[in-house]
Protein chains: 2
Amino acid sequence: MDELLDRATAQTYASWFRALADPTRVQIVEYLARHARPMSVGEIVAAVGLAQSTVSQHLKILTEVRFVLVEPVGTARHYHINDACVDCFPSAADVVMGRPAPSPNGAC
Amino acid sequence: MDELLDRATAQTYASWFRALADPTRVQIVEYLARHARPMSVGEIVAAVGLAQSTVSQHLKILTEVRFVLVEPVGTARHYHINDACVDCFPSAADVVMGRPAPSPNGAC
DNA sequence: AGACTCAATCGCCTATCGGCGATAGACGAT
DNA sequence: ATCGTCTATCGCCGATAGGCGATTGAGTCT
């Protein structure tokens, strides 16, 4: 009775949800979305009140699933929400229906 | 510049997503959903191939957010998907819009 | 009562996570 | 070239998560 969702798909789903499984990352995402313009790490650090290295790490996790996009601007790097990924972010219904998970590294 | 999503809301969102942030739990949820009938722990253990204690722990996490419901039947316990929670499970758009998070312990 | 079954809990171990400070690398300005 | 600024990475730490076996508790059936 091995009729399980294949592990790779399950892993992909899990990595999507893991990106938002931390309250600080949820706050960062909402913050980036509300101020619609691209924002530097320094601004985000000031907003969330954590160490720069910590924020940088969270941003790395968010960019790894393309949920947030980066754009180098001089010495700074501007982060902004990937609206396409907001749309393709999996829902619980997707999981329940066993739909193939949207690739976290593709064009979404 | 403290205009952040309040921590409690962020935490609630995070706990929702953390429930599906593990591939085994994704598989369990999809398995429960596909076989629409309530299933015992033993059946789920046989399906996922992990120790009974491990599966029990995963089911506890899933029931804590009411994503999965339990019903004692004799000495067994039958688990099944909470369709209401499938519907109210937060989307990325909810986070981005800063909508109040659905309470994970309420009636959904 | 006693034996059996099913599932939750406990204790332990390892791996990962989230936080930090310190360091390193890239770039603009002087 | 040098300095200052910005951000990524590294190393460390405590806490949490996921895995397991063993035990306990609750329920059924003789």
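Both backbone and side-chain heavy atoms feed into the values below; hydrogens, waters and symmetry mates do not. Order of the sequence lines sets the chain letters (A, B, ...), proteins ahead of strands, with each chain counted from 1.
Between Arg18(A) atom CZ and dG18(D) atom P there is a gap of 11 Å when expressed in whole angstrom units. The separation between Gln11(A) atom CD and dG18(D) atom C1' is 13 Å, rounded to whole Å. Note: CD (Gln57(A)) to P (dT9(D)) measures 8 Å, nearest angstrom. When the C1' atom of dA17(D) is taken as reference, atom CG of Leu20(B) falls 16 Å away, rounded to whole Å. Rounded to whole angstrom, the span from the CD atom of Glu64(B) across to the P atom of dG18(D) amounts to 12 Å. To the nearest angstrom, C1' of dA17(D) lies 9 Å from NE2 of His58(B).
For the pair Tyr31(A) and Leu5(B), the minimum side-chain heavy-atom distance is 4.5 Å or more. Using a 4.5 Å heavy-atom threshold, the side chains of Val68(B) and Asn82(B) count as separate.
For the residue pair His35(A) and Glu43(A), no side-chain donor N or O sits within less than 3.5 Å of a side-chain acceptor on the partner.
Heavy atoms of Leu50(A) sit under 4.0 angstrom from primed sugar atoms or phosphate atoms, though from no base atom.
Place Gly74(A) and Thr54(A) on DNA chain C by their nearest nucleotides, and Thr54(A) ends up nearer the 5' end.
For a distance-only test at 3.5 Å, the side chain of Gln52(A) qualifies as a donor-acceptor partner of the base of dA8(D). If you check distances only, the side chain of Ser53(B) does reach the base of dG21(D) with a donor-acceptor pair under 3.5 Å.
The phosphate of dG18(D) (OP1 or OP2) has a side-chain N or O of Arg25(B) nearer than 4.0 angstrom.
The nucleotide whose nearest atom lies closest to any side-chain atom of Thr75(B) is, among dC20(D), dA26(D), dA8(D), dA26(D).
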Worked verdict on Arg77(B) versus Ser56(B) for side chain to side chain donor-acceptor pair (under 3.5 Å): CA-CA 11 Å; Arg77(B) 304 187 74 190; Ser56(B) 191; over 6 Å; no

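Counting only residues at least two apart or on different chains, the ring-ring contact (aromatic ring centres under 6.0 Å, His included) pairs with a member in residues 36-68 of chain A are Phe67(A)-Phe89(A).
Ion pair Glu30(A)/Arg25(A) not flagged as a salt bridge, since none of the NZ, NE, NH1 or NH2 atoms sits closer than 4.0 Å to an Asp/Glu carboxylate oxygen.
Residues Leu62(B) and Leu69(B) are members of separate hydrophobic clusters, defined by side-chain heavy-atom contacts under 4.5 angstrom among Ile, Leu, Val, Met, Phe, Trp and Tyr.
Read 5' to 3', the first and last nucleotides of DNA chain C with an atom closer than 4.0 Å to a heavy atom of chain B are dT5(C) to dT9(C).
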